[in-house]
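What follows is a short report on a single structure.
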Amino acid sequence: MSTVTTRIQRLSPACVMCAAVLAGGCATIPPDALQLSPDSTQRREMQTRKYEGIDDKHLMAASSGVLQDLGFNIDESEVTLGVVVGSKDRSAITPGQVAAAVLVALLGVPMDIDRTQKIRVSLVVRPVSADLAAETSRDFYVRVTFQRIVRNTAGAVTRIEAVDEAEIYQQFFEKLSGSIFLEGQRI
Amino acid sequence: MSAITGRRLVAFLLACIGMASCAPSTKAVMATDASAVQLRSFQSRAFDTTETNKTLRTVMATLQDLSFVIDKADAELGTVSATKLSGYELRITVTVRPRGEDQLLVRANAQYMDRAVEDPTPYQDFFTALEKSMFLTAQQVQ
């Protein structure tokens with residue numbers, strides 16, 4: 001009987017994974033996926049700053065520099081449209097999860113913990129006046145957005161999300177302002 | 001007793017895997033569920049403007065408002081691709097190209113997890129958001 005219990009214990013994560021694959025493979029798009037959410041304005045404000053008296057290329061070069069300072073590799077860029085895209089792979093191990101895993105392991109049950117994460121960023125520079133071409137404009141909005149995919153020690157995806165912490169955006173714009181000697185204004 | 005239960009579990013697992021394999025293999029390269037004409041009409045709208053770059057910038061701003069992170073943008077080709085991660089993965093590509101003398105045709109195609117989005121509603125939602133930022137009406141095209 002005890003063998004059966006052990007087998008079930010071993011197999012249940014596999015069943016959960018099967019269920020996850022099922023859910024992922026056949027699920028349909030959530031109804032609100034392409035609808036503006038009520039907090040989209042607030043999120044836009046958090047992710048955007050206005051810089052005045054600068055040209056777009058200077059602003060994009062400074063932005064790429066800040067991303068590099070943060071360890072991002074630049075994957076794509078398109079100056080005509082003011083886009084810079086970057087990513088980095090980093091550890092996702094947190095002391096809390098490690099402690100929990102150790103405790104659970106003491107009870108004889110192995111537990112997978114978050115191990116790595118891929119962080120992606122895109123940054124878009126656009127003229128404040130939409131009717132002005134980027135070459136003639138001197139005032140720009142910079143909007144930066146981060147997202148991440150976290151994988152655990154078994155290689156399974158555990159988190160797939162946008163980064164929504166206001167401090168992170170705050171810190172990014174502080175660094176950008178510092179590098180161009182201009183204060184970014186909240187919108 | 002234990003062997004039987006074990007076998008049942010294995011059978012259950014196999015059934016799981018069988019059910020999960022709703023994504024086909026290489027057949028998927030050329031496969032679509034909806035007809036091409038129908039899809040194009042869900043996915044496309046015409047706008048009364050000829051400014052491609054301004055439209056592409058507005059498309060990107062709209063995608064950012066919808067929590068997408070831009071993956072690629074190409075002004076020459078008139079395309080933008082972006083990904084939304086929110087407990088799921090949603091990829092979208094938007095193309096902007098001239099339609100006649102005084103219009104632009106904007107087409108979006110999306111992929112949710114491992115499936116093409118072939119339901120008209122999400123595209124309608126996207127164009128509703130886009131026309132607000134464009135200050136122009138998204139016109140249905142046949």
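Chain letters run A, B, ... following the sequence lines, proteins first and then strands; every chain starts at 1.
- Within residues 73-93 of chain A, the residues having any heavy atom closer than 4.5 Å to a heavy atom of chain B are A/E76, A/E78, A/T80, A/L81, A/G82, A/V83, A/V85, listed by residue number.
- Linking ILVMFWY residues whenever their side-chain heavy atoms come closer than 4.5 Å, directly or via other members, leaves A/V150 and A/I119 in distinct clusters.
- Note that the CD1 atom of B/I70 and the CG atom of A/L123 stand 11.0 Å from one another [nearest 0.5 Å].
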| task | List the steps, then state whether side chain to side chain contact (heavy atoms under 4.5 Å, CB included) holds for B/D65 with A/R143. | result | CA-CA 10 Å; B/D65 281 346; A/R143 182 167 184 176; 2.7 Å; yes
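- Ranked by non-hydrogen atom pairs under 4.5 Å with chain A, the options B/Q124, B/Q64, B/E76, B/K54 are led by B/Q64.
- Chosen from B/N53, B/I92, B/T58, the residue pairing most often with chain A at heavy-atom distances under 4.5 Å is B/N53.
- Put simply, of B/L56, B/V80, B/L63, B/T83, the one with the most heavy-atom pairs under 4.5 Å next to chain A is B/T83.
- A heavy-atom distance below 4.5 Å is found between the side chains of A/P30 and B/Y112.
- When heavy atoms are compared at a cutoff of 4.5 Å, B/T128 does not approach chain A at all.
- Residue B/A82 does not touch chain A at all, counting heavy-atom pairs closer than 4.5 Å.
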| said: A/S122 vs B/M60, test: side chain to side chain contact (heavy atoms under 4.5 Å, CB included). Steps then yes/no. | reply: CA-CA 11 Å; A/S122 76; B/M60 290 194 295; over 6 Å; no
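- Using a 4.5 Å heavy-atom threshold, the side chains of B/S67 and A/Q147 count as separate.
- Heavy-atom neighbours of chain B within the stretch residues 160-176 of chain A, taken at a separation under 4.5 angstrom, comprise A/I160, A/E161, A/A162.
- The shortest distance between side-chain heavy atoms of B/E118 and A/T28 does not fall below 4.5 Å.
- Residue-level contacts of residues 38-61 of chain A with chain B, in order of numbering, are A/S40, A/R43, A/R44; threshold 4.5 Å between heavy atoms.
- When atom types are taken as modelled, the side chain of B/R57 and the backbone of A/V125 share a donor-acceptor pair closer than 3.5 angstrom.
- No part of B/T121 comes within reach of chain A, as not one of its non-hydrogen atoms sits under 4.5 angstrom from that chain.
- At least one side-chain heavy atom of B/L85 sits under 4.5 Å from a side-chain heavy atom of A/I149.
- Neither the backbone nor the side chain of B/D119 comes within contact range of chain A; no heavy atom of the residue lies under 4.5 Å from a heavy atom of that chain.
- Of the two parts of B/K84, the backbone and the side chain both hold a non-hydrogen atom closer than 4.5 Å to a non-hydrogen atom of chain A.
- Inter-residue side-chain proximity for A/I29 and B/R115 is flagged as unmet; no heavy-atom pair is nearer than 4.5 Å.
- Both the backbone and the side chain of B/V69 come within less than 4.5 Å of a heavy atom in chain A.
- Using a 4.5 Å cut-off between non-hydrogen atoms, no part of residues 62-70 of chain A approaches chain B.
- Between chain A and the options B/Y88, B/F126, B/F68, the largest number of non-hydrogen pairs under 4.5 Å is found for B/Y88.
- When every heavy atom of B/D125 is checked against every heavy atom of A/L34, the shortest pair comes out as CB-O, 3.3 Å.
- Atom CZ of A/R126 has 12 or fewer heavy atoms from other residues, nucleotides or ligands within 6.0 Å.
- In this structure, chain A has a heavy atom under 4.5 Å from the side chain of B/L90, while its backbone stays farther away.
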